[in-house]
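It should be emphasised that the depicted structure is a prediction, and the values quoted were computed from it without experimental measurement.
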Amino acid sequence: MAVGEDFPDVLMAAQAGADHAIGQLFAAHNPELVRYLDGRARGFGDDLAQEVWIAAARNLRSFTGDEQAFRAWLFSIARSKLIDHGRRLTRQPASPTDPHIMEDTSRAEVPIDALTSNEAIAELVDGLSDQQADIVLLRVVGGFSVDEVAAIIGKRPGAVRVAQHRALRRVADRLEERGVTR
């Protein structure tokens with residue numbers, strides 16, 4: 001859900017500190033931001049989105065551009081927050097539970113069409129590298145073009161296309177193994 005034609009006025013009001021304008025930007029862009037973040041860091045999407053909005057609020061006055069540029073800016077911040085989150089987890093690893101006492105909760109028994117949107121996103125990126133997951137989620141969930149994704153992740157458009165192709169091929173092969181057909 002985009003702000004649309006009113007974006008320049010909403011942005012100017014938000015930059016001036018108008019709560020209603022900030023709320024409009026949040027309402028328009030937070031859902032896809034949370035889906036992207038949760039797809040990359042399952043269970044942490046809301047928390048990371050809060051960090052993104054705090055960082056965006058700090059730098060909002062310096063932002064210039066249209067709504068698509070604003071979205072790309074938000075997702076660039078989100079990607080940085082994901083990298084920071086990964087580093088935090090590396091420094092403070094979770095203590096794992098003994099797998100022998102855990103119940104088998106494999107998604108293999110759940111039909112694809114019965115998955116929630118968050119589960120479908122997790123299924124989509126399962127087994128992909130971090131870079132491939134970023135690219136697929138930015139393209140599918142974020143709706144960004146190849147050129148925009150390239151700018152967000154700091155790669156060339158050709159590299160994004162190749163990584164996306166390989167990622168989608170890997171997803172298709174995995175689903176084929178599970179008996180899901182096109």
Side-chain angles (χ1 to χ4, degrees), residues 1-87 115-125 128-168 171:
M1 173 172 104
V3 175
E5 294 177 7
D6 296 334
F7 180 78
D9 296 332
V10 171
L11 176 63
M12 195 170 2
Q15 288 173 326
D19 289 340
H20 75 281
I22 294 168
Q24 253 186 295
L25 291 174
F26 180 85
H29 300 289
N30 194 58
E32 65 187 1
L33 190 63
V34 170
R35 281 193 302 273
Y36 166 70
L37 291 165
D38 207 42
R40 290 282 288 113
R42 185 126 174 127
F44 292 96
D46 287 320
D47 293 340
L48 290 170
Q50 288 177 8
E51 291 181 30
V52 170
W53 286 105
I54 289 168
R58 285 189 189 123
N59 298 302
L60 188 60
R61 290 178 194 240
S62 65
F63 174 79
T64 57
D66 62 7
E67 189 166 15
Q68 189 62 15
F70 181 77
R71 289 179 67 248
W73 181 65
L74 274 179
F75 277 80
S76 294
I77 295 169
R79 189 163 183 275
S80 294
K81 295 301 176 186
L82 280 168
I83 292 168
D84 292 345
H85 175 72
R87 288 179 184 143
L115 297 176
T116 66
S117 61
N118 286 343
E119 290 169 333
I121 289 170
E123 181 70 27
L124 177 67
V125 299
L128 298 180
S129 71
D130 289 346
Q131 180 179 320
Q132 288 174 329
D134 272 343
I135 290 168
V136 169
L137 290 174
L138 287 169
R139 294 279 288 135
V140 174
V141 175
F144 291 103
S145 70
V146 169
D147 291 338
E148 290 167 330
V149 172
I152 290 170
I153 68 170
K155 299 283 183 189
R156 293 182 177 205
V160 169
R161 283 186 195 91
V162 169
Q164 178 183 331
H165 175 76
R166 289 179 180 161
L168 293 177
V171 170

Inset, instruction - Show the numbers, then the answer: is there a side-chain contact (heavy atoms from CB on, under 4.5 Å) between Ser76 and Arg79? - result: CA-CA 5 Å; Ser76 294; Arg79 189 163 183 275; 5.8 Å; no
How long is the straight-line distance from [atom2] of [Y] back to [atom1] of [X], given to the nearest 0.5 Å?
X: Ile153; Y: Glu148; atom1: CD1; atom2: CD; result: 12.5 Å
X: Glu32; Y: Leu137; atom1: CD; atom2: CG; result: 12.0 Å
X: Glu51; Y: Asp84; atom1: CD; atom2: CG; result: 7.5 Å
X: Ile152; Y: Phe144; atom1: CD1; atom2: CZ; result: 4.0 Å
X: Asp130; Y: Ile135; atom1: CG; atom2: CD1; result: 11.0 Å
X: Leu60; Y: Leu25; atom1: CG; atom2: CG; result: 7.0 Å

Legend entry - Salt bridge Asp38-Arg35, side-chain N to carboxylate O under 4.0 Å: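 So Asp38 does not pair with Arg35 through a salt bridge.
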Heavy-atom side-chain proximity of [X] to [Y] below 4.5 angstrom:
X: Asn59; Y: Trp73; answer: yes
X: Val160; Y: Leu138; answer: no
X: Ile22; Y: Trp53; answer: no
X: Val3; Y: Phe70; answer: no
X: Arg40; Y: Asp134; answer: yes
X: Val52; Y: Phe75; answer: no

Closest contact, heavy atoms only, [X] versus [Y]:
X: Leu48; Y: Ala41; value: CD1-CB, 3.8 Å
X: Ala133; Y: Leu128; value: N-CB, 4.1 Å
X: Val125; Y: Gly39; value: CG2-O, 3.3 Å
X: Ala21; Y: Ala14; value: CB-N, 3.4 Å

Legend entry - Polar contact flag, side-chain donor to acceptor under 3.5 angstrom, Gln132-Arg166: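 The criterion, which ignores hydrogens and geometry beyond distance, is not satisfied for Arg166 and Gln132.
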Legend entry - Distance-only polar pair, side chains of His29 and Glu67, donor-acceptor under 3.5 Å: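 Checked: His29/Glu67 side chains pair up, N/O donor to acceptor below 3.5 Å.
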Inset, instruction - Step by step, work out the side-chain contact (heavy atoms from CB on, under 4.5 Å) result for Leu37 and Phe44. - result: CA-CA 7 Å; Leu37 291 165; Phe44 292 96; over 6 Å; no
Legend entry - Backbone N/O of Asp9 and side chain of Asp6: donor-acceptor pair under 3.5 Å: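 It does not hold such a pair.
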Inset, instruction - May I ask you to decide if Val10's main-chain N or O and Gln15's side chain share a donor-acceptor pair within less than 3.5 Å? - result: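 No: the side chain of Gln15 does not pair with the backbone of Val10.
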Inset, instruction - Could you walk me through whether Val141 and Val136 pass side-chain contact (heavy atoms from CB on, under 4.5 Å), step by step? - result: CA-CA 8 Å; Val141 175; Val136 169; over 6 Å; no
